[in-house]
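Letters go in sequence order (proteins before strands), and every chain restarts at 1.
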2 protein chains.
Amino acid sequence: MTEKEVNTEDKILNAAKEVFQKKGMTGARMHEIADKAGINKALLHYYYRTKERLFEKVFENAFSLIIPRVKEMIASEKSILEKIDFFVDNYIELLKQHPYIPGFIINELNRNPHILIDIIEKNTLVKQEHLIEVLEKQIENDVKANKIRAIDARSLLINILALCVFPVVARPVLTGVLFENDPKAYEKFLSQRKDLVKEFIKNALLL
Amino acid sequence: MTEKEVNTEDKILNAAKEVFQKKGMTGARMHEIADKAGINKALLHYYYRTKERLFEKVFENAFSLIIPRVKEMIASEKSILEKIDFFVDNYIELLKQHPYIPGFIINELNRNPHILIDIIEKNTLVKQEHLIEVLEKQIENDVKANKIRAIDARSLLINILALCVFPVVARPVLTGVLFENDPKAYEKFLSQRKDLVKEFIKNALLL
DNA sequence: GTCTATACACTGATAGAC
DNA sequence: GTCTATCAGTGTATAGAC
């Protein structure tokens with residue numbers, strides 16, 4: 001696909017990414033991945049031994065592209081309100097570039113929660129107890145200063161994530177039920193959403 | 001499973017529901033469904049001809065259990081703020097009783113968006129242009145009366161849905177990343193969420 | 001209606017030539 | 001490293017006896 005696919009290994013991984021994210025682990029076919037990579041089925045097994053190993057590589061890449069960014073963006077030296085703006089802007093932009101990944105991650109983890117355990121251990125960026133603590137401290141200070149309403153740090157973070165991610169993963173249902181199955185209309189709705197979400201959250205938070 | 005499974009057809013449908021919702025269309029096996037129903041593989045085809053037909057029945061049941069309720073609950077004779085309380089309370093309760101259905105619907109529709117078209121035509125409860133119009137009128141009036149902030153009706157509805165549904169569909173990720181993989185802690189978080197969501201939305205809305 | 005047996009296509013994976 | 005050929009297993013679906 002892209003010009004930088006020098007070696008076969010990358011060609012396979014890119015093809016696998018496409019097929020797995022579209023069809024899921026159980027729906028994907030090694031045959032289709034091989035075709036899309038322009039190589040033979042046997043080569044898949046030469047490079048990745050089994051379907052499961054290939055899937056795990058794809059899943060890990062998708063996961064570490066989307067999830068650790070939450071910590072990155074929240075852990076900056078900013079006020080709460082600045083963090084919200086920064087996070088919503090950048091995360092919605094990130095999701096626009098990778099619209100299939102959140103649904104892929106959510107679905108595969110629901111089918112097979114244990115794959116998360118290995119990844120969390122490998123990916124140090126995900127271990128983020130401090131993220132919550134820092135956020136809690138910040139909220140506590142702003143509450144004392146009468147700037148914002150009291151709220152549990154995890155709840156706030158999950159609310160923000162929900163407002164950013166849900167419209168992307170539930171796109172087909174929402175398009176069908178609330179936008180008379182008009183993809184253009186839903187696209188327009190999504191493009192206007194950044195400011196709306198920021199406003200909604202800040203209104204909920206500010207005193 | 002339940003005592004009312006008089007006929008084989010229902011036994012199959014209940015078993016199919018379990019397996020399809022857990023494994024998805026492509027991950028489910030007719031063999032497993034037959035075993036779970038306590039009957040033979042051949043009988044599945046006697047009653048439902050193909051795997052796809054059986055799946056469609058299961059999907060339609062799940063869909064019409066969860067989606068048309070949105071209209072039902074919003075279309076009552078209540079003020080906006082009353083509707084929010086009513087909706088959040090009842091929808092979160094509904095999701096607690098059927099925690100796998102939202103993820104199931106979202107995933108299958110992402111893989112195969114066309115199945116929604118047939119259902120919307122069959123299920124008159126989903127055709128709800130008026131729902132949005134009524135909500136728009138209500139918001140307009142409350143805005144004029146200086147009760148609430150201006151907001152697009154679809155955006156408000158999607159925000160409410162996001163805050164209710166996302167924590168349920170993203171449970172494994174959130175448990176792993178934000179709750180140190182402690183299911184009990186996440187369960188507790190969810191059980192306290194009703195009031196939190198209602199408060200969050202109303203704060204965002206009220207002037 | 002329910003069962004057993006079986007057809008038959010497909011899937012993931014390997015062997016072995018080049 | 002890459003290919004062709006092929007295997008063993010599994011999956012949906014049907015035929016036919018009871």
Side-chain angles (χ1 to χ4, degrees), chain A residues 1-62 104 107-108 111-112 114-115 118, chain B residues 1-62 104 107-108 111-112 114-115 118:
Chain A
M1 294 285 147
T2 52
E3 61 291 324
K4 280 285 178 201
E5 281 178 353
V6 272
N7 56 41
T8 309
E9 207 168 334
D10 287 351
K11 272 197 284 192
I12 293 174
L13 201 59
N14 282 332
K17 183 184 126 187
E18 250 187 84
V19 177
F20 274 128
Q21 285 179 14
K22 196 171 164 193
K23 309 261 176 102
M25 165 63 183
T26 55
R29 297 288 164 249
M30 296 296 267
H31 178 68
E32 193 182 348
I33 295 173
D35 284 357
K36 194 150 280 181
I39 49 102
N40 194 275
K41 259 199 308 176
L43 263 191
L44 299 181
H45 293 94
Y46 174 78
Y47 280 102
Y48 294 94
R49 292 202 65 77
T50 68
K51 183 186 183 185
E52 211 180 339
R53 274 175 195 272
L54 181 53
F55 170 80
E56 279 165 15
K57 263 264 178 285
V58 170
F59 184 86
E60 275 188 44
N61 286 349
F104 173 65
N107 177 50
E108 298 300 338
R111 310 251 172 274
N112 201 351
H114 91 95
I115 50 179
D118 316 330
Chain B
M1 293 284 146
T2 52
E3 60 291 325
K4 280 286 178 198
E5 281 178 354
V6 272
N7 57 42
T8 309
E9 207 168 333
D10 287 352
K11 271 198 284 192
I12 293 174
L13 201 59
N14 282 331
K17 183 183 125 186
E18 250 186 86
V19 177
F20 274 127
Q21 284 178 14
K22 197 171 165 192
K23 310 259 175 102
M25 165 63 184
T26 55
R29 298 287 165 247
M30 296 295 267
H31 178 70
E32 193 181 348
I33 295 173
D35 285 355
K36 194 151 279 181
I39 49 103
N40 194 276
K41 260 196 306 175
L43 263 190
L44 298 181
H45 293 94
Y46 174 79
Y47 281 102
Y48 294 94
R49 293 202 64 76
T50 68
K51 183 186 182 184
E52 211 181 337
R53 274 174 195 271
L54 180 53
F55 170 80
E56 279 165 14
K57 264 264 178 285
V58 169
F59 185 85
E60 275 189 43
N61 287 348
F104 173 65
N107 176 48
E108 299 299 338
R111 309 249 173 277
N112 200 350
H114 90 94
I115 51 179
D118 316 330

Participant: Do A:Phe104 and A:Phe59 have ring centres separated by under 6.0 Å?
Facilitator: yes

Participant: Distance check, rounded to the nearest 0.5 Å: A:Ile12 atom CD1 versus A:Tyr48 atom OH?
Facilitator: 6.0 Å

Participant: What distance do B:Ile33 atom CD1 and B:Lys11 atom NZ have between them, rounded to the nearest 0.5 Å?
Facilitator: 15.0 Å

Participant: Enumerate the salt bridge (Lys or Arg N to Asp or Glu O under 4.0 Å) contacts for residues 41-58 of chain A, please, sequence neighbours excluded, ordered by first and then second residue.
Facilitator: none

Participant: Just by modelled atom types, is the B:Met25 backbone N or O under 3.5 Å from a matching donor or acceptor in the B:Glu108 side chain?
Facilitator: yes

Participant: Can you give the first and last nucleotides of DNA chain D, 5' to 3', that have an atom under 4.0 Å from a heavy atom of chain A?
Facilitator: D:dG1 to D:dT4

Participant: Please step through side chain to side chain contact (heavy atoms under 4.5 Å, CB included) for the pair B:Arg29 and B:Lys23, ending with a clear verdict.
Facilitator: CA-CA 9 Å; B:Arg29 298 287 165 247; B:Lys23 310 259 175 102; over 6 Å; no

Participant: Taking the side chain from A:Asn7 and the backbone from A:Asp10, do they hold a donor-acceptor pair closer than 3.5 Å?
Facilitator: yes

Participant: Mark up nucleotides 4-15 of chain C, 5' to 3', with B wherever a protein heavy atom is under 4.0 angstrom from a base atom, S wherever such an atom reaches only the sugar-phosphate, and - elsewhere.
Facilitator: B------SBBBB

